[in-house]
Visitor: 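Once you've had a glance at the structure underneath, I'll fire off some questions.
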Amino acid sequence: MKSSSTLFRFVSAALLMGATALVPAMAQSGPAFKTLNTAQPSGSGDKVEVMEFFAYSCPHCAEMEPMIEKWVKTLPSNVAFIRVPVAFNAAMQPMQQLYYSLEALDKLDLHPKVFDAIHKQGKKLFTKDAIVDWAADQGIDKATFTSAFDSFGVTAKVKRATEMTDTYAIEGTPSIAVGGKYVTSPGMTGDYASSITQAQKLLDQVLAEKK
């Protein structure tokens, strides 16, 4: 039987194939978090990093997004929240570029709308052409968006995101990494809310250790 995290990963890939109705049940089987063998340094100075590994094609990420947004607003100033778009295969890379293009253009207010477009409106934002057309529908100049999409900066961030996915041994989305050393997910804890609760506990622990 496949693990829940593996099923999360499978669903993200399956949506690219049009299997939008396939959503596995979540069931805790094992520890609520894992500890990396080698702790990763913070790339945000003295701040503790909290990373959300997500995929736009993942229905669980779409469901959890409002909860993540609410939680992020409660994080203290010495915590840096970082989203990391995941690509488990080459077909998912354009969605990584989509996220970093929005970031580069200071248009991350459209981040939740990408989930809505895919999971509520049934738009297949899985290719460059489809993504550029969607961005234009949101009022972004096509040439401007295309330039960002193909830019060296976005390409470098996509590469870094893939490296971090491997470094943190992310097997499914959504997953939350805390302090460069811990990873938890709904697949580990059993549901969305409990994964955020677990991430907060880990964060509290990391912050206490820094004092």
Visitor: Specify the closest pair of heavy atoms between Ala199 and Trp71, including all atoms of both residues, with the distance to one decimal.
Guide: CB-CH2, 3.7 Å

Visitor: When rounded to the nearest 0.5 angstrom, what distance separates CZ in Phe54 from CD in Gln96?
Guide: 9.0 Å

Visitor: With heavy-atom distances below 4.5 Å as the criterion, would you say the side chains of Lys128 and Thr146 are in contact?
Guide: yes

Visitor: Hey, what do you get for CG (Leu75) to CD (Gln200), rounding to the nearest 0.5 Å?
Guide: 6.5 Å

Visitor: Would you call Lys34 and Glu171 a salt bridge, taking side-chain N to carboxylate O under 4.0 Å as the test?
Guide: no

Visitor: Between Thr167 and Gln40, does the side chain to side chain contact (heavy atoms under 4.5 Å, CB included) criterion hold? Intermediate values first, please.
Guide: CA-CA 9 Å; Thr167 298; Gln40 300 301 305; 3.3 Å; yes

Visitor: Kindly say whether Ala148 contributes a backbone atom to a donor-acceptor pair with the side chain of Ser151 at under 3.5 angstrom?
Guide: yes

Visitor: Dump the intermediate steps for side chain to side chain contact (heavy atoms under 4.5 Å, CB included) on Met67 and Ile196, then the final yes or no.
Guide: CA-CA 8 Å; Met67 302 173 68; Ile196 293 177; 3.7 Å; yes

Visitor: Kindly indicate whether the side chain of Pro85, heavy atoms from C-beta on, has any atom under 4.5 Å from the side chain of Met95.
Guide: no

Visitor: Cut-off 3.5 Å, no hydrogens considered: what does the side-chain donor-acceptor table look like for residues 41-51, sequence neighbours left out?
Guide:
| unit_1 | atom_1 | unit_2 | atom_2 | d |
| --- | --- | --- | --- | --- |
| Ser42 | OG | Ser44 | N | 3.0 |
| Ser42 | OG | Lys47 | O | 2.9 |
| Ser44 | OG | Glu49 | OE2 | 2.6 |
| Lys47 | NZ | Ser77 | O | 3.4 |
| Glu49 | OE2 | Gly43 | N | 2.9 |
| Glu49 | OE2 | Ser44 | N | 3.2 |

Visitor: Quick one: does Thr162's side chain have a donor or acceptor within less than 3.5 Å of a partner on Val158's backbone?
Guide: yes

Visitor: Check whether any side-chain heavy atom of Val72 lies under 4.5 Å from a side-chain heavy atom of Glu52, and answer yes or no.
Guide: no

Visitor: Measure the acute angle between the ring planes of Tyr168 and Phe53, then classify it against the limits of 30° and 60° as parallel, tilted or perpendicular.
Guide: tilted

Visitor: Within the distance-only criterion (no hydrogens, no angle test), does the side chain of Asn89 pair as donor or acceptor with the backbone N or O of Met92 below 3.5 angstrom?
Guide: yes

Visitor: Considering only heavy atoms from C-beta outward, does the side chain of Val132 approach that of Ile140 to under 4.5 Å?
Guide: no

Visitor: Look up atom OH in Tyr100 and atom CZ in Arg83, then write down how far apart they are to the nearest 0.5 Å.
Guide: 11.0 Å

Visitor: Stepwise, does the salt bridge (Lys or Arg N to Asp or Glu O under 4.0 Å) test hold for Glu163 with Lys157?
Guide: CA-CA 10 Å; Glu163 290 173 349; Lys157 288 187 174 183; over 6 Å; no

Visitor: Write down the atom of Leu207, the atom of Pro76, and the distance for their closest heavy-atom approach.
Guide: CD1-CG, 4.2 Å

Visitor: Can you tell me if Thr189 uses its side chain to pair, donor with acceptor, with the backbone of Ser195 under 3.5 Å?
Guide: yes

Visitor: Mark yes when over 12 heavy atoms from residues, nucleotides or ligands other than Asp166 sit less than 6.0 Å from its CG; otherwise mark no.
Guide: yes

Visitor: Do Tyr192 and His60 come close enough that some side-chain heavy atom pair is under 4.5 Å?
Guide: yes

Visitor: To the nearest 0.5 Å, how far apart are NZ in Lys124 and CD1 in Ile118?
Guide: 10.0 Å

Visitor: Pro186 and Met64: which non-hydrogen atoms are nearest, and at how many Å?
Guide: CG-SD, 3.7 Å

Visitor: Set out, in order, the CA-CA distance, both residues' side-chain angles and the distance that settles side chain to side chain donor-acceptor pair (under 3.5 Å) for Gln205 and Tyr182, then state yes or no.
Guide: CA-CA 11 Å; Gln205 178 181 323; Tyr182 304 113; 2.9 Å; yes

Visitor: The test is side chain to side chain contact (heavy atoms under 4.5 Å, CB included); show your working for Leu202 and Val206 and say whether it passes.
Guide: CA-CA 6 Å; Leu202 294 169; Val206 171; 5.5 Å; no

Visitor: Using 0.5 Å steps for rounding, measure from the NE2 atom of His111 to the CD1 atom of Ile68.
Guide: 9.0 Å

Visitor: Heavy atoms, side chains only, cut-off 4.5 Å: are Asp109 and Lys107 in contact?
Guide: yes

Visitor: Give me the atom names and distance for the closest heavy-atom approach of Thr184 to Ala32.
Guide: OG1-O, 2.6 Å

Visitor: Looking at every non-hydrogen atom in both residues, tell me the closest pair between His119 and Ala62 and how far apart they are.
Guide: CD2-CB, 3.5 Å

Visitor: Can you sort out the partners of Phe81 under ring pair (Phe, Tyr, Trp, His ring centres under 6.0 Å), two or more places apart, ordered by chain and number?
Guide: none

Visitor: Please check if the distance between the ring centroids of Phe126 and Tyr56 is under 6.0 Å.
Guide: no

Visitor: Would a 4.5 Å heavy-atom cut-off, applied to side chains only, mark Ile82 and Val84 as touching?
Guide: yes

Visitor: Do Leu125 and Phe115 have side-chain heavy atoms sitting under 4.5 Å apart?
Guide: no

Visitor: Identify whether the distance between the nearest side-chain nitrogen and carboxylate oxygen of Glu65 and Lys120 falls below 4.0 Å.
Guide: no

Visitor: To the nearest 0.5 Å, how far apart are CG in Leu102 and CD in Gln138?
Guide: 9.0 Å

Visitor: Does the side chain to side chain contact (heavy atoms under 4.5 Å, CB included) test come out yes or no for Val183 and Ile176, once each step is laid out?
Guide: CA-CA 6 Å; Val183 177; Ile176 304 172; over 6 Å; no

